[in-house]
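Everything on this sheet refers to the single structure shown next.
Chain letters run A, B, ... following the sequence lines, proteins first, then strands; residues in each count from 1. The model shown is predicted, which means the values in this text are computed figures rather than measured ones.
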2 protein chains.
Amino acid sequence: MTMVTVRPYRHALDRLRGAGLRPTRQRLALARLLFDGCDRHISAEQLHSEALTSNIRVSLATVYNTLHQFTDVGLLREIVVDAGRSYFDTNTSDHHHFFFEKSGKLADIPAEMVGLTKIPDAPEGFNISRVEVIVRVNG
Amino acid sequence: MTMVTVRPYRHALDRLRGAGLRPTRQRLALARLLFDGCDRHISAEQLHSEALTSNIRVSLATVYNTLHQFTDVGLLREIVVDAGRSYFDTNTSDHHHFFFEKSGKLADIPAEMVGLTKIPDAPEGFNISRVEVIVRVNG
DNA sequence: GTGTTTGCAAAGTGTTTGCAATTTA
DNA sequence: TAAATTGCAAACACTTTGCAAACAC
């Protein structure tokens with residue numbers, strides 16, 4: 001057990017354990033890339049190439065599987081704004097997004113920057129799972 | 001005062017002319033399918049198969065081209081909520097959407113049903129082009 | 001050991017493109 | 001006739017799947 005470098009590793013390990021996911025080498029490495037830094041909006045391809053750059057041998061299929069598993073257990077949130085492009089958001093707390101139409105990129109908007117005072121009731125037999133506000137910008 | 005917004009009927013030909021699009025056989029036929037009824041959220045595949053059912057000979061590529069041209073001139077609005085699936089909304093006025101996570105379907109929410117009192121300024125050098133509120137429901 | 005996870009390559013989905021033939025103005 | 005539009009099929013980007021080998025516990 002090392003001293004300094006072990007800390008982020010254990011952080012990722014705890015996340016996986018807490019979520020009931022086996023801490024495999026690939027999942028640990030991807031969790032570190034995803035969570036050991038600031039919040040981000042990342043695509044599967046991006047994460048895969050980051051992994052390869054960091055000398056982590058992982059297949060694209062596994063990256064997809066892992067992102068979906070992380071999403072299922074609430075470690076990530078999937079955001080779709082553009083056809084054929086999925087982003088995964090490491091910030092799973094209540095917030096919203098700017099969507100830059102030209103670049104296809106996203107930026108967070110803190111929840112308190114949006115005043116949402118009225119929301120319709122969910123249709124009969126349904127429950128609201130989330131309210132997303134997307135501010136599309138161009139220019 | 002009615003709660004239902006009614007779209008004034010307009011001949012498909014007028015719509016195309018007004019938008020500066022050549023009224024070709026395919027565009028006219030698709031415009032009739034899209035606009036000669038109530039508002040709808042339709043995918044390219046759906047529109048294509050409706051066209052075939054109505055004995056309108058049109059290729060899927062042309063359906064895609066047409067949907068995008070209509071969107072570019074403001075006759076339609078494109079909505080993306082689900083990875084790899086685009087919907088085109090014949091209602092281009094100010095309103096929001098329910099997204100049914102299980103079925104992948106959409107339903108309109110009239111603008112006045114959502115109380116949106118505060119929106120952040122667009123980042124330096126950008127302009128807000130639209131604010132979308134998506135109420136995701138399950139169950 | 002046993003059940004889970006991974007990698008690979010192949011298949012799938014929805015969309016776009018290149019270009020010759022057709023149609024519109 | 002000239003320019004715009006269409007259809008086809010191939011190309012595309014992104015994502016999922018099937019299954020044998022590798023791995024975690």
Are B:Phe70 and B:Phe88 close enough that their ring centers fall under 6.0 Å?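 No: the rings miss the under 6.0 Å criterion.
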For atom [atom1] of [X] and atom [atom2] of [N], their distance in whole Å:
{"X": "A:Asp72", "N": "C:dT5", "atom1": "CG", "atom2": "P", "value": "12 Å"}
{"X": "B:Arg27", "N": "C:dT23", "atom1": "CZ", "atom2": "P", "value": "15 Å"}
{"X": "B:Leu21", "N": "D:dT6", "atom1": "CG", "atom2": "P", "value": "10 Å"}
{"X": "A:Leu60", "N": "C:dA10", "atom1": "CG", "atom2": "P", "value": "15 Å"}
{"X": "B:Gln26", "N": "C:dT24", "atom1": "CD", "atom2": "P", "value": "8 Å"}
{"X": "A:Phe88", "N": "D:dT15", "atom1": "CZ", "atom2": "P", "value": "7 Å"}
{"X": "B:Leu30", "N": "D:dG7", "atom1": "CG", "atom2": "P", "value": "9 Å"}
{"X": "A:Ile56", "N": "C:dG7", "atom1": "CD1", "atom2": "C1'", "value": "16 Å"}

Between D:dT17, C:dT5, C:dT17, which nucleotide gets closest to the side-chain atoms of A:Ala61?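 Of D:dT17, C:dT5, C:dT17, D:dT17 is nearest to the side chain of A:Ala61.
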Let's see if you can work this out: which of D:dC25, D:dT5, D:dA9 has an atom nearest to the side-chain heavy atoms of A:Pro23?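 For the A:Pro23 side chain, the nearest candidate turns out to be D:dC25.
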OP1 or OP2 of [N] less than 4.0 angstrom from a side-chain nitrogen or oxygen of [X], does that happen here?
{"X": "B:His68", "N": "C:dT16", "result": "yes"}
{"X": "A:Thr62", "N": "C:dG7", "result": "yes"}
{"X": "A:Arg85", "N": "D:dA13", "result": "no"}
{"X": "B:Thr24", "N": "D:dA4", "result": "no"}
{"X": "B:Arg22", "N": "C:dT23", "result": "no"}
{"X": "B:Tyr64", "N": "C:dT16", "result": "no"}

Just call it for B:Ser43: base, sugar-phosphate, or nothing, with non-hydrogen atoms closer than 4.0 Å on any strand.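 Nothing, no nucleic acid heavy atom in range.
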C:dA20 pairs with which nucleotide, Watson-Crick or G-U wobble, both distances below 3.5 Å?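 Paired with D:dT6.
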Assigned partner base of D:dA24, Watson-Crick or wobble definition, under 3.5 Å: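 Its partner is C:dT2 (Watson-Crick or G-U wobble, both distances under 3.5 Å).
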From A:His96 NE2 over to A:Asp94 CG, what is the distance, rounded to the nearest 0.5 angstrom?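 If we round to the nearest 0.5 Å, A:His96:NE2 and A:Asp94:CG are 5.5 Å apart.
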Distance (rounded to the nearest 0.5 Å) between B:Asn127 CG and A:Arg136 CZ: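 Rounded to the nearest 0.5 Å, the CG-CZ separation comes out at 15.0 Å.
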Earlier contact from the 5' end, DNA chain D, for B:Val58 and A:Arg25: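 Going by which nucleotide is closer to the 5' end, it is B:Val58.
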Hydrogens and angles aside, do A:Gln69 and A:Arg27 bring a side-chain donor and acceptor to less than 3.5 Å of each other?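 A donor-acceptor contact under 3.5 Å links the two side chains.
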In terms of the angle between their ring planes, are B:Phe100 and B:Phe98 parallel, tilted or perpendicular, with boundaries placed at 30° and 60°?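 Ring orientation of B:Phe100 relative to B:Phe98: tilted.
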Does NZ or CZ of B:Arg15 lie under 6.0 Å from the centre of the six-membered ring of B:Phe35, at an angle within 45° of the ring axis?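 Yes.
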Quick one: on DNA chain C, does A:Thr66 or B:Ala44 contact a more 5' nucleotide (nearest heavy atom)?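 So the residue in question is A:Thr66.
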Closest-nucleotide mapping onto DNA chain C: is A:Asn65 or B:Arg17 further toward the 5' terminus? I mean the 5' end.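 This one resolves to A:Asn65.
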